[in-house]
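One structure is given below, encoded as structure tokens.
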Amino acid sequence: MQDLVILPSINFTEVFNTNKGAIYQSDSENCWYIDFAGKLARFDYRNLLKLKKAVYQIDIENLLLNSTKAPDLEIIFICACDHCYVLSILEIIALKELLQGTFVMLELNHIIFDRLHRIVA
Amino acid sequence: MKDIIRAKCLLSSDVETLINQQIKKEAHSSAIYLSMASWCNRNGYDFSSDYFFKQAEEERMHQLKFYKYILDMGGTAISPDITNIKIEYNSFREVFEEALDQEISVTQSIKNIAARCHKEQDYVTLEFLNWFFREQREEEYKARRALELFDVIGEEGTGRWQIDKHVGQIKYESEA
Ligand SMILES: [Fe+2]
Ligand SMILES: [Fe+2]
């Protein structure tokens with residue numbers, strides 16, 4: 001028998017990128033792919049919001065000032081989501097920047113949608 | 001690129017957070033009223049105890065109304081944990097003073113949500129909030145009337161007994 005590898009035809013649109021990573025949206029799957037910390041992880045709407053909340057909640061200033069804490073690692077675990085990140089402070093800052101940029105772009109996309117397709121001028 | 005977030009949820013995350021805070025506030029109110037009902041009952045103020053039992057139920061209903069609204073809008077409603085409900089009050093009058101304070105704080109907090117909605121042009125939530133503004137008009141009226149009984153009747157002699165009797169009769173029947 002022959003092994004047939006069928007590659008799904010997924011269209012990715014890049015939402016935002018930094019030199020540390022990128023976030024893509026898949027319209028056909030209604031989800032996002034996050035390319036960060038050496039892996040590509042899929043997030044649906046709920047999980048993306050949970051990730052945003054988890055990352056935004058981290059007190060970066062406190063992590064930087066707190067010198068007693070031996071490992072400078074933070075584990076980002078999201079309930080009912082397959083992915084988990086173990087990140088250093090620098091990576092957390094980078095992920096936060098990536099997410100912030102992404103949500104600004106998504107908001108912009110929403111405004112453009114309103115203007116072009118939804119609001120009768 | 002699709003506008004996925006808008007398709008999933010009609011609420012902005014800011015408004016959703018504010019409404020979740022309001023859910024906690026209503027749950028807190030309900031717990032406070034329940035505690036007041038207990039205090040009044042223990043101290044022989046039966047009508048006031050009934051009045052606060054009813055208030056506690058109403059607050060629970062408000063909580064659920066906000067809760068279901070978030071869910072209807074595609075958001076995440078959060079069940080709040082309520083702690084630090086006081087058990088003792090210094091006087092009969094203090095109970096009603098705190099009841100009024102509580103209602104004022106609820107009204108102010110709903111006004112704050114509405115202000116945010118205006119800013120975001122979230123007319124859907126504004127329309128939903130209108131029900132609560134009417135309700136708060138009634139709630140503050142009743143709480144104020146109850147407190148006024150202490151001045152009108154006076155606490156001397158059988159005053160508190162009279163006040164308690166009248167608390168059960170407070171109604172808001174405005175046509176306005
Ligand atoms: Fe209420
Ligand atoms: Fe109330």
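Residue numbers begin at 1 in each chain, while the letters A, B, ... track the order of the sequences. In this text the structure is predicted, and so the values were computed from the model without any measurement.
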- Message: Heavy-atom cut-off 4.5 Å, strictly under: side chain, backbone, both or neither for A:F103 against chain B?
- Response: side chain
- Item | Sorted by number, residues from residues 15-25 of chain B in contact with chain A (heavy atoms, under 4.5 Å) | none
- Take atom CG of A:L116 as the centre, draw a 6.0 Å sphere, and report whether it contains more than 12 heavy atoms from other residues, nucleotides or ligands. yes
- Task: Could I get the full list of side-chain contact (heavy atoms from CB on, under 4.5 Å) partners for B:L10, not counting sequence neighbours?
- Result: B:R6, B:M73, B:V124
- Supply the members, apart from B:W161, of the Ile/Leu/Val/Met/Phe/Trp/Tyr cluster built from side-chain contacts under 4.5 Å; use none for a lone residue. none
- Query: Are a donor atom and an acceptor atom from the side chains of B:Y67 and B:S79 found within less than 3.5 Å of each other?
  - Reply: no
- Message: For residues 33-57 of chain B, which residue pairs pass the salt bridge (Lys or Arg N to Asp or Glu O under 4.0 Å) check, not counting sequence neighbours?
- Response: B:R42-B:E88
- In this structure, are over 12 heavy atoms from other groups packed under 6.0 Å from A:K39 atom NZ? yes
